[in-house]
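Before I ask anything, let me first share the structure, which is written out below as structure tokens.
Everything numeric in this text was worked out from a predicted model, so none of it was measured.
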Amino acid sequence: MFKGNIRRKGGIVASALAAVLALSACGGSGTPAAAPADNPYGLIEPGTIRVASLGDAKPYTFTDAQGQFTGFDVELFKDVANRAGVDDVVFTGQDFSGLLAAVANGQFDVGVAAIGITDKRKETVDFSNGYLAGYLTVITTKDSGITDEKALGGKRLGVVQGTLQEAYAVKNFASANLVRFPDNNTAISAVNSGAVDAHFLDYEAAKAYQEQFGLVSAADIPSFDAPAGFAIAKGKTEFKEALDKGLAEAMEDGTWKKLYQKWFPGSPMPEQYLPKAEQTSSPTPTATK
Ligand code: SNW
């Protein structure tokens with residue numbers, strides 16, 4: 001079969017020459033699709049960004065009635081990816097506890113889920129610049145008797161494994177009995193059934209569950225020193241630079257503000273992410289833990 005083709009093309013020499021030229025056009029690697037020129041960001045699949053996220057952190061990241069990922073972080077990331085030249089963005093739900101490891105070991109290109117930037121996490125992954133700074137919130141039932149953090153002593157407090165809430169509670173709520181959950185939905189079910197007394201999660205997600213189930217906030221703890229960032233595998237410099245550039249543009253042209261007002265209506269707005277002309281004081285430096 002091969003031999004026959006060669007003969008039809010008019011000679012072994014010409015075919016051999018064509019083969020050599022074809023090989024050199026591939027750069028000799030044999031996998032032109034993975035060549036840096038076609039894949040400057042080092043994506044798993046050129047042209048597609050695979051995102052590890054959460055399905056139950058509304059309004060940051062969650063799945064809607066059709067099963068599509070949406071929320072502040074999701075829309076912001078898609079906008080930033082578009083500015084970086086990538087429109088195909090595929091979100092997948094993960095347990096929070098496995099999310100950073102999955103990014104670090106190359107199962108995903110990026111983690112997007114209100115992930116606070118800390119020095120500890122930077123041992124595993126790199127982060128984009130910060131894009132959100134808010135509170136960690138304890139929510140409970142109306143009749144639990146828990147009205148502030150001091151009342152948590154001896155109570156069963158839910159946390160999602162691997163979150164800053166877990167670390168904070170271990171350190172600061174030592175007299176509470178921590179109950180670790182894989183995700184927010186499971187923890188909130190436990191609050192509603194009385195299996196735990198309270199759950200400790202991000203402020204906006206707490207607000208959404210309060211509205212959904214008639215729960216109440218017992219404490220808001222500032223987490224401004226760990227602003228949320230996009231988590232990427234270490235050493236992907238061009239990807240990180242493209243995300244940071246896109247983020248800066250989205251902040252400066254008011255896209256960030258528009259998304260913040262859409263998803264977090266009525267919440268205090270961290271000024272450092274507004275267009276420079278709208279910042280009343282000098283921007284807060286993005287210090288990390
Ligand atoms: O540190 C905060 C940040 O200031 C902002 O309020 C968004 O949430 C945080 O990044 C904390 N988020 C938790 C964490 O990083 C939980 C993440 C989650 O449940 N999706 O561990």
Indicate the ring-plane relationship of Phe72 and Tyr260, choosing parallel, tilted or perpendicular according to the 30° and 60° boundaries.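 Rings of Phe72 and Tyr260: perpendicular, over 60°.
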
Between the main-chain N or O of Asn129 and the side-chain N or O of Asp244, is there a donor-acceptor pair closer than 3.5 Å?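 Side chain of Asp244 to backbone of Asn129: a pair is present.
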
Within the distance-only criterion (no hydrogens, no angle test), does the side chain of Asp220 pair as donor or acceptor with the backbone N or O of Thr137 below 3.5 angstrom?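 Here the side-chain-to-backbone pair does not exist.
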
Heavy-atom pair of closest approach, residues Val103 and Ala52: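 Val103 and Ala52 have their closest heavy atoms at CG2-CB, 4.4 Å.
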
Leu152 and Ile146: CA distance, side-chain angles, deciding distance, side chain to side chain contact (heavy atoms under 4.5 Å, CB included) verdict: CA-CA 7 Å; Leu152 288 169; Ile146 303 171; 3.9 Å; yes

Treating Ile, Leu, Val, Met, Phe, Trp and Tyr as nodes and any side-chain heavy-atom pair under 4.5 angstrom as an edge, say whether Val216 and Ile188 lie in one connected cluster.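 Each belongs to a different hydrophobic cluster.
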
Atom of Pro227, atom of Tyr273 and distance for their closest heavy-atom approach: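 That would be CB-OH, 3.5 Å.
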
Please examine the side chains of Phe127 and Ile232, heavy atoms only from C-beta on, and report whether any two atoms are closer than 4.5 Å.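 Not in contact.
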
Tell me whether Asp109 contacts the main-chain N or O of Val51 through its side chain, where contact means a donor paired with an acceptor under 3.5 Å.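 It does not hold such a pair.
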
Looking at Lys234, I'd like to know if its NZ atom is crowded, meaning that more than 12 non-hydrogen atoms belonging to other residues, nucleotides or ligands lie closer than 6.0 Å.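 Yes, NZ of Lys234 has more than 12 neighbouring heavy atoms, counting only those of other groups under 6.0 Å.
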
Working to the nearest 0.5 angstrom, can you tell me the gap between Leu43 CG and Asp38 CG?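 So the CG of Leu43 and the CG of Asp38 are separated by 11.5 Å.
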
At what distance, to the nearest 0.5 angstrom, does CD of Glu241 lie from NZ of Lys236?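 Between Glu241 CD and Lys236 NZ, I get 14.5 Å after rounding to 0.5 Å.
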
Which atom pair, heavy atoms only, marks the closest approach of Gly153 to Ser175?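 In this case the closest contact between Gly153 and Ser175 is CA-OG, 3.3 Å.
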
Geometric class of the Phe213/Tyr209 ring pair [parallel <30°, tilted 30-60°, perpendicular >60°]: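 Taking Phe213 first and then Tyr209, their aromatic rings lie parallel (interplane angle under 30°).
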
Closest non-hydrogen atom pair, Lys142 against Gly214: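 Taking every non-hydrogen atom into account, NZ-O, 3.4 Å.
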
Scan side-chain atoms only and decide if Ser189 and Asn192 contain a donor-acceptor pair under the 3.5 Å cut-off.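 No.
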
Just wondering, more than 12 heavy atoms not from Lys207 lying within 6.0 Å of its NZ?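 More than 12 heavy atoms, drawn from other residues, nucleotides or ligands, come within 6.0 Å of this atom.
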
Please tell me if the side chains of Thr255 and Leu259 come closer than 4.5 Å, counting only heavy atoms from C-beta onward.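 Yes, at least one pair of side-chain atoms sits under 4.5 Å.
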
State the CH2-OG1 distance between Trp263 and Thr61, to the nearest 0.5 angstrom.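 Here the interatomic distance stands at 10.5 Å.
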
Side-chain donor-acceptor pair present, Ser267, Glu204, cut-off under 3.5 Å: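 Short answer, yes.
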
Hey, are the side chains of Asp64 and Phe69 touching, using non-hydrogen atoms and a 4.5 Å cut-off?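 Answer no - side chains too far apart.
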
Under 3.5 Å, side chain of Asn184 to main-chain N/O of Ala187, donor-acceptor pair present?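 Not a single qualifying donor-acceptor pair exists.
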
With no hydrogens and no angle check, just 3.5 Å: does a side-chain donor-acceptor pair link Asp143 and Thr141?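 The answer is yes; a qualifying pair exists.
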
Given the rule in the salt bridge (charged side-chain N to carboxylate O under 4.0 Å, His left out) test, do Asp253 and Arg83 qualify, once you have shown the distances and angles that lead to the verdict? CA-CA 12 Å; Asp253 76 3; Arg83 291 173 199 262; 3.0 Å; yes

Would you mind reporting whether Ile49 and Phe239 have side-chain heavy atoms less than 4.5 Å apart?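 SC-SC contact between Phe239 and Ile49 confirmed.
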
Going by an N to O cut-off under 4.0 Å, is there a salt bridge joining Asp126 and Lys122?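 Salt bridge flag = no for Lys122 with Asp126.
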
For Ser97, is there any backbone N or O sitting under 3.5 Å from a side-chain donor or acceptor partner on Asp95?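 The answer is no, because no donor-acceptor pair under 3.5 Å joins these two groups.
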
Let's go through Arg50 and Gln107 carefully: what are the C-alpha distance in whole Å and the side-chain angles of both, what is the deciding distance for side chain to side chain contact (heavy atoms under 4.5 Å, CB included) to 0.1 Å, and is it a yes or a no? CA-CA 8 Å; Arg50 300 200 176 283; Gln107 283 175 261; over 6 Å; no

Tell me, with the steps shown, if Leu157 and Val138 meet side chain to side chain contact (heavy atoms under 4.5 Å, CB included). CA-CA 9 Å; Leu157 174 66; Val138 176; 4.2 Å; yes

Please work out which of the three classes, parallel, tilted or perpendicular, describes the rings of Phe173 and Phe200, given edges at 30° and 60°.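 Correct class here is tilted.
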
Count I, L, V, M, F, W, Y as connected when their side-chain heavy atoms are under 4.5 Å apart, and connections chain through other members. Are Tyr168 and Phe181 then in the same cluster?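 Each belongs to a different hydrophobic cluster.
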
When you check the side-chain N and O atoms of Gln94 and Ser53, is any donor under 3.5 Å from an acceptor?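 No pair is found: no donor N or O on one side chain lies under 3.5 Å from an acceptor on the other.
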
Lys258 NZ to Gln261 CD distance, which is reported to the nearest 0.5 Å: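 So the NZ of Lys258 and the CD of Gln261 are separated by 10.5 Å.
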
Would the distance check show the side chain of Asp79 and the main-chain N or O of Glu75 forming a donor-acceptor pair, the cut-off being under 3.5 Å?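 Such a contact is absent between Asp79 side chain and Glu75 backbone.
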
Mind checking the CG-CE spacing from Leu132 to Met269? Nearest 0.5 Å is all I need.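 Going from the CG atom of Leu132 to the CE atom of Met269 covers 11.5 Å.
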
Identify the heavy atoms of Ser223 and Leu164 that sit nearest to each other, and give their distance.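 Closest approach of Ser223 to Leu164, heavy atoms only: OG-CD1, 4.1 Å.
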
Linked, directly or transitively: Phe96 and Leu201 (ILVMFWY side chains, under 4.5 Å):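 No; tracing contacts between hydrophobic side chains, which count when under 4.5 Å, never links both residues.
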
Hydrophobic clusters here meaning ILVMFWY residues chained together by side-chain heavy-atom distances under 4.5 Å, can you tell me if Leu136 and Val191 are in one?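 Looking at the clustering, Val191 is in a separate group from Leu136.
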
Treating Gln210 as the side-chain partner and Ile139 as the backbone partner, does any N or O pair qualify as donor plus acceptor under 3.5 Å?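 Not a single qualifying donor-acceptor pair exists.
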
Ionic contact status for Lys245 with Glu249, cut-off 4.0 Å: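 Result for this pair is yes, salt bridge flagged.
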
Are the side chain of Arg121 and the backbone of Gly116 linked by a donor-acceptor contact shorter than 3.5 Å?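 Yes; judged by distance alone, with no hydrogens or angles, the pair exists.
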
Once you measure the plane-to-plane angle for Tyr135 and Phe224, does it fall in the parallel (<30°), tilted (30-60°) or perpendicular (>60°) bin?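 Tyr135 and Phe224: perpendicular rings.
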
In terms of relative ring orientation, are Phe230 and Phe77 parallel, tilted or perpendicular, with 30° and 60° separating the classes?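 Correct class here is perpendicular.
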
What's the verdict on side chain to side chain contact (heavy atoms under 4.5 Å, CB included) for Val160 and His199, showing C-alpha distance, side-chain angles and the deciding distance? CA-CA 9 Å; Val160 172; His199 179 45; 3.9 Å; yes

How long is the span from the NZ atom in Lys58 to the CG atom in Asn185, to the nearest 0.5 Å?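 Taking NZ in Lys58 and CG in Asn185, the distance rounds to 11.0 Å.
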
Spell out, yes or no, whether Phe91 and Val80 are grouped together once hydrophobic residues are joined by side-chain heavy atoms under 4.5 Å, including indirect joins.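 Linked within one cluster.
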
If you draw a 6.0 Å radius around NZ in Lys240, do more than 12 non-hydrogen atoms from other residues or ligands fall strictly inside?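 Yes, NZ of Lys240 has more than 12 neighbouring heavy atoms, counting only those of other groups under 6.0 Å.
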
Donor-acceptor contact below 3.5 Å, side chain Gln279 vs main chain Gln272: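 Looks like yes, one N/O pair under 3.5 Å.
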
Evaluate Asp202 against Gln165 for side-chain hydrogen bond (donor to acceptor under 3.5 Å, both in side chains), listing each step before the verdict. CA-CA 8 Å; Asp202 284 348; Gln165 284 81 356; 2.6 Å; yes

Do you see a donor-acceptor pair shorter than 3.5 Å between the side chains of Tyr131 and Asp73?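 Per modelled atom types, Tyr131 and Asp73 side chains form a pair under 3.5 Å.
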
Of the options Lys171, Gln161, Arg180, which is the one that meets Glu166 in a side-chain hydrogen bond (donor to acceptor under 3.5 Å, both in side chains)?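 Going through the options one by one, the only one that passes is Arg180.
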
Considering all heavy atoms, the nearest Leu99-Gly111 contact: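 Looks like CD2-CA, 3.8 Å.
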
